[in-house]
There are 2 protein chains.
Amino acid sequence: MFLAGAMLLPMPVSLYYGDNDLLALSASAGVTFIFGFLVFKLTRFKQDLRAKEGFAVVTFGWLVFSAFGSLPFIFSGVIPSFTDAFFETMSGFTTTGATILTEIESVPHAILFWRSLTHWIGGMGIIVLSLAILPFLGVGGMQLFKAEVPGPSADKLTPRVTETAKILWGVYVLISAAEVIFLMLGGMSLFDALNHTFATMATGGYSTKNASVAGFNSAYIDYVIVFFMVLAGANFSLHYQFLRGDYGIYWRNKEFRYYIAVILGACLLIGVDTFIHQYHNVADSARYTSFQVVSIMTTTGFGTADYEQWSSSSQFILLVLMFVGGSAGSTGGGIKVVRVYLLIKFMLSEFVRLIHPHAVIPVRANNQVVPRDMLMNVLGFFVVAMLVFTGGVLVMTLIGLDMLTSIGATAATLWNIGPGLGDVGPTDNYAAIPVVGKWVLSMLMLMGRLELFTVIILFSPAYWKK
Amino acid sequence: MFLAGAMLLPMPVSLYYGDNDLLALSASAGVTFIFGFLVFKLTRFKQDLRAKEGFAVVTFGWLVFSAFGSLPFIFSGVIPSFTDAFFETMSGFTTTGATILTEIESVPHAILFWRSLTHWIGGMGIIVLSLAILPFLGVGGMQLFKAEVPGPSADKLTPRVTETAKILWGVYVLISAAEVIFLMLGGMSLFDALNHTFATMATGGYSTKNASVAGFNSAYIDYVIVFFMVLAGANFSLHYQFLRGDYGIYWRNKEFRYYIAVILGACLLIGVDTFIHQYHNVADSARYTSFQVVSIMTTTGFGTADYEQWSSSSQFILLVLMFVGGSAGSTGGGIKVVRVYLLIKFMLSEFVRLIHPHAVIPVRANNQVVPRDMLMNVLGFFVVAMLVFTGGVLVMTLIGLDMLTSIGATAATLWNIGPGLGDVGPTDNYAAIPVVGKWVLSMLMLMGRLELFTVIILFSPAYWKK
């Protein structure tokens, strides 16, 4: 029912631009509302959620949103195929930004607006998921560096989630409003500013231009978007603390420091390379490099440069950044900075243990001992991630894609970036991927977005045992 | 001094074929002997090894062997550059088989013999290292499925290693003799049979033909080598048990079963693909597929087909097999079957823990609980492996190789296979890699061969602290 309500939001856009999408939108909203109402009525007897049921609720929630969210694309005739429409919508709600549209600028405004809106709604879901729901379900590693998560710390899931959600969504809306204003100051129309803000804040990546952000050809707009992408890839509870007046919170948070350090390091490495081999000009090199590094690392996927023209080392660094991803509690995807940090800390502790075999060496991070269970969860995540990635690439090669495209497409969907490498690079799209591939990539987006465990656990027989 | 003695072994070959390498060989042996004798004299005051010192002894042992083992190549003028000669020798002693030679058939017989012999000597070292030394040093995961390792189980390192070494080397020599006979029955000369046996039993991959094993063009020889590669990639203590009369030992050993299962599974997947797209003939498809799968999985690296002509899925499966590698206690490289098995078991246990958060779920494998420390060691190995692999690819792209070549070269050296993908594929070699790249790849071979920890630990400040 919430989704049906959201489908009414593009209507003013349709009226303003005089496009013919009111019928498509209202039909979509109607179908979605009726389904939602029925489900609501049929499931009202349920008293309270148990933790275990959370996995199914979250996974099926995203699936149902993507199925019904694709209706405006289908009913408007913009994307007639259900496979394509589902792919596009899943890519929207998972804030991936991988598109099957080749000619974006000819799509009616209201439908483009809906497309960007799926990002923004997905981003709202992710913030709450990662800061309130997943830690409760034990999908961990994220809790370590959490700045105090706002909201009451009750035992039951529901009240806590509601409170936390309200506070964090307030922050989300506020920062979004700021971005809209800054983009309009750079000459963007309200329509473009809203669309790009939705895509930025959710680290999604859908644009209203065929050439993505490059279509605006403005250094000011590039840097504004870089700034807000950096915010979107950081923990939203930090922004909350900051807005409450704790201005030192970013500096005190170790994950944020590592997050910035990785961005700066990658900018330096790639910047030197693009300066020498591409732009021969510090300003251009800084502008295009920083935009692409931040866009990939935060898993947004906007483009201002065709990085496939860059050297293979720069491309490989971008590929590695896809795996690292944003911070915990952000809208970004990827393994997450905090997990990578813990993996490295663990590795170092193993070296010490080999040198002193009889010593007990706990893994310390952020000046505290990392609990065993959290460490095991992070290690488990890493093993699952590598396995799912390998399986994804295998399927892509089996349906006939070349190896680089397979690696790029799998990384770019699993970690919710959007554009990949090879035939799904920044100047290409996913239209030519065979149908099976589109479904598999849609599932990879979902798995990556829900931190792998949440989805895969549903395939375990133990989960369904009474 | 042992190495100096080994350098005399190619002399009869030189005499028989009338090549001019006696001087080069004796000069190499002389220099090596003098150095060895001095070191021996200078270090005799040391009473007994402590575990910690084992890491340095093993690492520097391989380095010194590779430095002095390159002398015959340099003195004979076959490989004038020290970088190239060191690369070729490190590739030999680590049983990798990556070569910088473009025209192998014009190299003098005695030097080719020395080249293959470095494999065989390296293989001897590896068997003892993995079955007697590394478990003692705590580089683990290997102990789990060990069939009873022969030899006394004393507390001190030295006597145990000596006893175990003698027994296992006996097995190694015996199987090698069998392979020589079987190859000669297929029409190979004694010289070719010895060379290929050295390379097979060590899972090395150096051949005496430019076209590798394809140069013999014999299905019989192909299958003989497949059979002995499978043996070389299995745990040598199993062979010992078998030779003592325990014929069921292979079937009872779980790692061996998984090892065979992965080979058969890969043969099936790739076989169907090569049948459809390449050979259109069951016999050819079975022959070339099984050879390549076993050659890559055991990390030998012999070639009978240009697998870069195969589909991208078959190539990707081969790439994954490079990472899996052989069994623990074999001469094969890679992550090892037992570690992959433990990683998957661990991952499954993490799923169960998410479903039952308050239950204590130990990881069970082979009907026993896996000790915590061993599990952590395997997880640490995996994290280090992925990090070193990523670093290796980054360096390769930085020196200008394309991404596929960088991935192929890093995987093929780190996991001691030899031929990779792209410009270092089965029909190419490593001659064109820049000097820096050759040194980095040499270090990757060493790291992979010594199970990563053994080498990297020497870079840790904690190791050198009193």
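These figures come from a predicted structure and were not determined experimentally. Side chains included, hydrogens not; waters and symmetry mates left out as well; all remaining heavy atoms used. So that the names make sense, note that chain A is the first sequence line, chain B the second, and so on, each numbered from 1.
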Q) Listed by residue number, which members of residues 386-399 of chain A have a heavy atom under 4.5 Å from any heavy atom of chain B? A) A/Met386, A/Leu387, A/Thr390, A/Val393, A/Leu394, A/Thr397, A/Leu398
Q: Supply the atom-to-atom distance A/Tyr463 OH to B/Leu354 CG, rounded to the nearest 0.5 angstrom.
A: 11.0 Å
Q: Considering non-hydrogen atoms only, spot the tightest contact between B/Leu379 and A/Phe346 and give its length.
A: C-CE2, 3.8 Å
Q: Taking all non-hydrogen atoms of both residues into account, name the closest pair between B/Ile355 and A/Ser460 and its distance.
A: CD1-OG, 3.5 Å
(Q) So which residue, A/Met347, A/Glu350, A/Met376, ends up with the most heavy-atom pairs under 4.5 Å with chain B? (A) A/Met376
Q | Side chain / backbone / both / neither for A/Asp273 at chain B, heavy atoms under 4.5 Å | A | neither
Q. What residue, out of A/Ser312, A/Ser311, A/Ser314, A/Gly400, has the most heavy-atom pairs lying under 4.5 Å from chain B?
A. A/Ser312
Q | Toward chain B, the part of A/Leu404 with a non-hydrogen atom under 4.5 Å | A | side chain
Q: Side chain from CB out, backbone as N, CA, C, O: work out which of these in A/Val320 comes under 4.5 Å of a heavy atom of chain B, or both, or neither.
A: side chain
Q | Choice from B/Asp373, B/Leu269, B/Val352 maximising heavy atom contacts with chain A below 4.5 Å | A | B/Asp373
Q.
Among B/Val383, B/Ile344, B/Leu348, which residue has the highest count of heavy-atom pairs closer than 4.5 Å to chain A?
A. B/Val383
Q: Determine the minimum heavy-atom distance between B/Phe316 and A/Met403, stating which atoms define it.
A: N-CE, 3.7 Å
